[in-house]
Novice: 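Before I ask anything, here is the structure I am working with.
Below, all heavy atoms of this structure are taken into account, side chains as well, without hydrogens, waters or symmetry copies.
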Amino acid sequence: MAPPRPAPRRWIAHLDMDAFYASVELLRYPDLRGQPVVIGGGRRHQPETDAEGRRHYALLGDYTGRGVITTATYAARDLGVHSGMGLMKAALRAPQAVLLPTDFERYRLYSRRFKAAVAEIAPVIEDRGIDEIYIDLTEVPGAQEAVGHDPHGGVRALAQEIKNNVRAATGLSCSVGLTPNKLLSKIASDLDKPDGLCLLTADDIAERIWPLPVRRINGIGPKAGAKLEGLGIGTIGELARAEPGGLIERFGRSYGAWLHQAAHGRDERTVVTHHEPVSLSRETTFERDLHARRDRETLGTVFTQLARQVAADLQRKGYVGRTIGIKLRFEDFRTVTRDQTITAPTADAQAIRQAAGLCLKRVDLSQRIRLLGVRVANLSRA
DNA sequence: TCTGGGGTCCTAGGACCC
DNA sequence: TCTGGGGTCCTAGGACCC
């Protein structure tokens, strides 16, 4: 009888594409390499090629209108602009930066390519959106082996191989965090950006994780971060030293206990390879805030359009939904939602439009409207 | 000149049922 | 003649993430 084998050491990687949208655009416009470039806004600033074949780009400084930066190249970040920043504000800081429109179709193409390149080496992948994934390397051959004096050389080599394969398939660089769990890997992938490979074990937590601000933990956002700051807790190490009882008192039983675990780098979540969608939605922010009465016609047209888009999305993906909802954002940025559950699940544009219309009647429309959205939830397979 | 679009999960109260 | 108590569904809002 063979002796029982020890459980393999768990290795989870988090892979994050470097400045993904911007990097995809640089493949298409290599003359922009090294320059400050931001991606964002509508479709009205497409580069143009003149008779001599020279390309002309829109400049951030010339932009007017709504919208935010979705991605900025590292050169642009050096000028103080970053994703999420309003374009008009960014234009003041970096007027000479090149502005390119977003081309989601192209990013999705490269997304599929890099994920396929990873899957050739390690098939257990969890999708976390267009530009990042978790990978379970535990069972990949070689992951548990030492190489020379490096006890984790095997898994390190696998991560490097994944990076190489992504670059070969896409021409793009990525950063990888490699640790025993998702929480730590997510933090680690950020530590050596761009083109990084950061391997950490539990022994590294005190030195590498604890000095970082609490906001680096995935799940601590602006609100919780500010609240912790108010308690004199700025770093993950300070959070780790905080009394769990006190955290539970202030943040609730579930979140408080999680904060304590997270600060100690403890996370048992598995890599989930398949997800059924919970809801599908479409929304749009208007160029100018619309008035419920004066802009009734425009509003109605957009509303119908959104319902059609959601219906098309549902049909394309093969789902029907029972809960139809709307979302409005007013000029003061206040957001309200209304929804309604119907008896027969649907993916029909008219049925969605009608139910959404009933939802809209339940909202006080005295303020001007900035955003309108339509959502279908409670999904099941058609 | 503020703040996109697409999601997930959690909480909390009320309805309703057994 | 005195309000128990669970469980589930629905709705609204909020925090957070990519």
Novice: Is S281(A) near enough to dG7(B) that one of its side-chain N or O atoms lies under 4.0 angstrom from OP1 or OP2?
Specialist: yes
Novice: At less than 4.0 Å, is any side-chain N or O atom of R322(A) found next to OP1 or OP2 of dC10(C)? Yes or no.
Specialist: yes
Novice: Quickly work out the L358(A) CG to dT11(C) P distance and round it to whole Å.
Specialist: 12 Å
Novice: Heavy atoms from C-beta onward define the side chain here; which of dG6(B), dG13(C), dC10(C) lies closest to that of R282(A)?
Specialist: dG6(B)
Novice: Applying the Watson-Crick and G-U wobble criteria at under 3.5 Å, what pairs with dG14(C)? Answer none if nothing qualifies.
Specialist: dC9(B)
Novice: Between dT8(B), dA12(C), dT11(C), spot the one nearest the side chain of T323(A), thanks.
Specialist: dT11(C)
Novice: Has T70(A) got a side-chain N or O lying under 4.0 Å from the OP1 or OP2 atom of dG4(B)?
Specialist: no
Novice: Output the rounded distance in Å from CD (E126(A)) to C1' (dC18(C)).
Specialist: 13 Å
Novice: Side chain of Y255(A), heavy atoms from C-beta onward: which of dC10(C), dC16(C), dA12(C) has the nearest atom to it?
Specialist: dC16(C)
Novice: For F104(A) and dG6(B), what is the distance between atoms CZ and P respectively, to the nearest whole Å?
Specialist: 8 Å
Novice: Expressed in whole Å, how much space separates the C1' atoms belonging to dG4(B) and dC16(C)?
Specialist: 16 Å
Novice: Using a heavy-atom distance cut-off of less than 4.0 Å, which residues of residues 222-243 of chain A contact DNA chain C?
Specialist: P222(A), K223(A), A224(A)
Novice: Does the pair E283(A)/R329(A) count as a salt bridge with the N-to-O cut at 4.0 Å?
Specialist: no
Novice: Could you tell me how far apart K317(A) (NZ) and dG6(B) (P) are, to the nearest whole angstrom?
Specialist: 10 Å
Novice: Indicate the ring-plane relationship of Y255(A) and F251(A), choosing parallel, tilted or perpendicular according to the 30° and 60° boundaries.
Specialist: tilted
Novice: State whether T337(A) places a side-chain N or O below 4.0 Å from either non-bridging phosphate oxygen (OP1 or OP2) of dT11(C).
Specialist: no
Novice: Got a salt bridge between R266(A) and E268(A), using NZ or NE/NH1/NH2 to carboxylate O under 4.0 Å?
Specialist: no
Novice: Closest approach to the side chain of S254(A), judged atom by atom: which nucleotide of dT11(B), dC18(C), dG4(B) is it?
Specialist: dT11(B)
Novice: With no hydrogens and no angle check, is any side-chain donor or acceptor of D204(A) less than 3.5 Å from a backbone partner on T201(A)?
Specialist: yes
Novice: Nearest whole angstrom, please: distance from the C1' of dC9(B) to the NE2 of H275(A).
Specialist: 10 Å
Novice: Salt-bridge test for K193(A) and D190(A): reply yes if a basic N is under 4.0 Å from a carboxylate O, no otherwise.
Specialist: no
Novice: Taking any heavy-atom pair under 4.0 Å as a contact, classify R334(A): base, sugar-phosphate, or nothing.
Specialist: nothing
Novice: Side-chain contact test, heavy atoms from C-beta onward, threshold under 4.5 Å: evaluate it for D50(A) versus H56(A) and give yes or no.
Specialist: yes
Novice: What integer distance in Å separates E283(A):CD from dG5(B):P?
Specialist: 6 Å
Novice: Taking the side chain of D339(A) as heavy atoms from C-beta outward, which of dA12(C), dT8(B), dC10(C) is closest to it?
Specialist: dA12(C)
Novice: Can you tell me if T73(A) uses its side chain to pair, donor with acceptor, with the backbone of V37(A) under 3.5 Å?
Specialist: yes
Novice: Check DNA chain B against residues 366-382 of chain A and give the residues with a non-hydrogen atom under 4.0 Å, in numerical order.
Specialist: R370(A), L371(A)
Novice: Grab the CZ-C1' distance between R66(A) and dC2(B) for me, whole Å please.
Specialist: 10 Å
Novice: For dG13(C) and T335(A) - does any side-chain N or O of the residue sit under 4.0 Å from the phosphate oxygens OP1/OP2?
Specialist: no
Novice: Please tell me if T285(A) has a side-chain N or O lying less than 4.0 Å from either OP1 or OP2 of dG5(B).
Specialist: yes
Novice: Between S279(A) and Y21(A), just flag the one whose closest nucleotide in DNA chain B comes earlier from the 5' side.
Specialist: Y21(A)
Novice: Output yes when a side-chain donor or acceptor of T235(A) lies under 3.5 Å from a complementary backbone atom of P211(A), and no otherwise.
Specialist: no
Novice: Does a side-chain N-to-carboxylate-O contact under 4.0 Å join R66(A) and D289(A)?
Specialist: yes
Novice: Give a yes or no on whether the backbone of L172(A) and the side-chain of T170(A) come within a donor-acceptor separation of less than 3.5 Å.
Specialist: yes
Novice: Using modelled atom types only, decide if a donor and an acceptor are shared between the side chain of R10(A) and the backbone of P180(A) within a distance under 3.5 Å.
Specialist: yes
Novice: Answer with base, sugar-phosphate or nothing: what part of the nucleic acid does I220(A) contact at a heavy-atom distance below 4.0 Å?
Specialist: sugar-phosphate
Novice: How do F333(A) and K327(A) order along DNA chain B: which one's closest nucleotide is nearer the 5' end?
Specialist: F333(A)
